[in-house]
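Accompanying notes for the structure given below.
In each ligand, atom 1 is the first atom listed, and ligand 1 is the first ligand listed.
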Amino acid sequence: MLESLKEQDPEAYSAIVNELRRQQQTLEMIPSENFCSKAVLEASASVLANKYSEGYPKKRYYQGNKYIDDIELLAIERAKRLFNAEHANVQPYSGSPANMAVYVSVLEPGDKIMALNLAHGGHLTHGNPVNFSGKLFNFVHYTVERDTELLDMEKIWKLALKEKPKMIVSGYTAYPRLIDFKKFHEIAQEINAYSMADISHIAGLIAARVHPTPFPFTDFVMTTTHKTLRGPRGAVILCKEKYAKQLDKAVFPGLQGGPHEQTIAAKAVCFEEAMKPEFIEYGKQIVKNSKTLAETLMQKGIKLVSNGTDTHLILIDLINTKSVGKPGLGKDYAIALEEAGIVTNCNTIPYDPASPFRPSGIRLGTPALTSRSMKEPEMAQIGKWIAQIINEVENNKIIIEIRKKVNELCKQFPLYPDITY
Ligand code: DSN
């Protein structure tokens, strides 16, 4: 594999090999990351990358798109079937442009949108002032509660009645609990607003039926395809048929040019994989693993936001973890964990007094380890290692010892063993 690349461009080849080794030899615990199948990788790297196909199936601006149409229609049909959706647009390059497409499809610049604050688990494209969303639209933000760190649907309802936004966004990047999509849609209906769910983090859990679904009632649903869904890096938008034309126009020609058909092919492959019975087992195992990890961490004195998880995701609160007890140390602890081969990311926690550049939390999750077939016993072991590092962060000997054990564990659960480059 990669023989031509190796011969022609040893520098690029060597960087790719190094990254493969890093993925194989560390515990990947960033909750938005995953390992897709070899079939998805193959489709992503296929000759479809050579083709321009601006437009939509059967309505292209370039000739030669017969087989491209076949693959895009396949992806659309599978996306609709997987999620029980009326319409699918599989062309979005990624989550941010996909959210932009949803907003501009039915809203005007300056319109009011309601979403969760980024610091409480929302996303940059949910109205952060430095992002296009916050610059173009008038966002009002709801929050999680200070004491429970949960969403209070009664308060969200009251805020919606007061603010009367034209769209309400649900779906988050750092919220470890279940989301009541039905309630969000009912609130939106009551004020004649559009409901929009960004399910990027939990799409795989929804497909596996271990998280409540926003379908078929939510007006617009956006998901990236590379997180729990375990597909290629990209996105898809699903919506009710009555918004299909506006949405398609917003994606192309509104925001994008030629679609990345190699990625669309890989999306088609991943949607099919996610409809298999094994995927239900995969989704269940992600949550079982996450709960075991959360329990282990809490038993070892680590404070978790909302005191646990219902999903793939865990947020460690270092301020209220006794052995740390200070704000702004998320990055330092994430670096210490990485030295031990445990890859996570620092993250703000609700009501974080520290800056987003030096936040007080660590975000981690189980989708990638579950793809490596790890189960509860491994999670309990990894949880003990994480707690040990956090509780004794100055002890370099412990970090070195854990690094060796992580190596051993990685060997027991090989990743891409038959990729030979
Ligand atoms: N960067 C993604 C995440 O890690 O959650 C969101 O876009």
Side-chain angles (χ1 to χ4, degrees), residues 23 26-36 92-103 113 115-134 139 141 144 151 169-179 196-206 211 220-237 255 263 267 270 286-287 290 304-306 309-316 330-331 333-335 337-338 342-350 352 356-357 359-371:
Q23 291 183 17
T26 54
L27 296 174
E28 183 48 72
M29 299 192 74
I30 293 171
S32 47
E33 294 187 6
N34 211 335
F35 303 120
C36 59
Y93 302 142
S94 196
S96 292
N99 277 345
M100 174 78 151
V102 172
Y103 301 151
I113 309 179
L116 182 65
N117 194 323
L118 173 68
H120 289 224
H123 187 250
L124 268 178
T125 57
H126 298 175
N128 193 272
V130 299
N131 181 260
F132 75 83
S133 54
F139 270 81
H141 285 114
V144 297
L151 296 170
V169 180
S170 58
Y172 317 110
T173 65
Y175 186 69
R177 298 297 183 171
L178 301 181
I179 302 165
M196 137 78 159
D198 176 343
I199 61 166
S200 296
H201 263 259
I202 52 174
L205 304 185
I206 289 167
H211 189 291
F220 296 91
V221 178
M222 191 292 291
T223 182
T224 50
T225 43
H226 48 274
K227 299 187 174 91
T228 49
L229 200 53
R230 212 163 60 181
R233 191 157 289 274
V236 54
I237 305 168
L255 289 165
T263 309
K267 288 175 196 175
C270 113
I286 288 179
V287 177
S290 193
L304 303 186
V305 168
S306 83
T309 181
D310 299 321
T311 65
H312 64 302
L313 181 147
I314 290 168
L315 194 53
I316 293 177
K331 183 81 181 167
Y333 280 73
I335 290 171
L337 288 167
E338 188 182 2
I342 300 171
V343 185
T344 62
N345 69 275
C346 62
N347 212 93
T348 49
I349 53 171
D352 200 329
F357 302 105
S360 308
I362 292 176
R363 193 183 67 149
L364 66 167
T366 55
L369 297 188
T370 310
S371 294

* Contact check, side chains of P367 and E28, non-hydrogen atoms, under 4.5 Å -> no

* Is V169 close to L116 at the side-chain level, that is, under 4.5 Å between some pair of heavy atoms? -> no

* Any I179 side-chain heavy atom under 4.5 Å of I202 side chain -> yes

* Asked: So, D198 versus H126: side-chain donor-acceptor pair below 3.5 Å or not?
  -> yes

* Asked: Should H201 be listed as contacting ligand 1, given a heavy-atom distance under 4.0 Å as the test?
  -> yes

* **Ligand-side contact atoms (ligand 1) for residue partner S32, heavy atom cut-off under 4.0 Å** => 3 (C), 4 (O), 5 (O)

* Asked: Should the proximity of R363 to ligand 1, defined as any heavy atom under 4.0 Å, be assigned to the side chain, the backbone, both, or neither?
  -> side chain

* Please state which protein non-hydrogen atom is closest to atom 2 (C) of ligand 1 and give its distance, to 0.1 Å? -> K227 CE, 3.9 Å

* Minimum-distance protein heavy atom relative to atom 7 (O) of ligand 1 -> H123 NE2, 2.8 Å

* To do: Using distance alone, determine whether T173 and ligand 1 share an N or O pair under 3.5 Å.
  => no

* Asked: Which heavy atom in C346 sits nearest to a heavy atom in A334, and how many Å separate them?
  -> N-CB, 4.1 Å

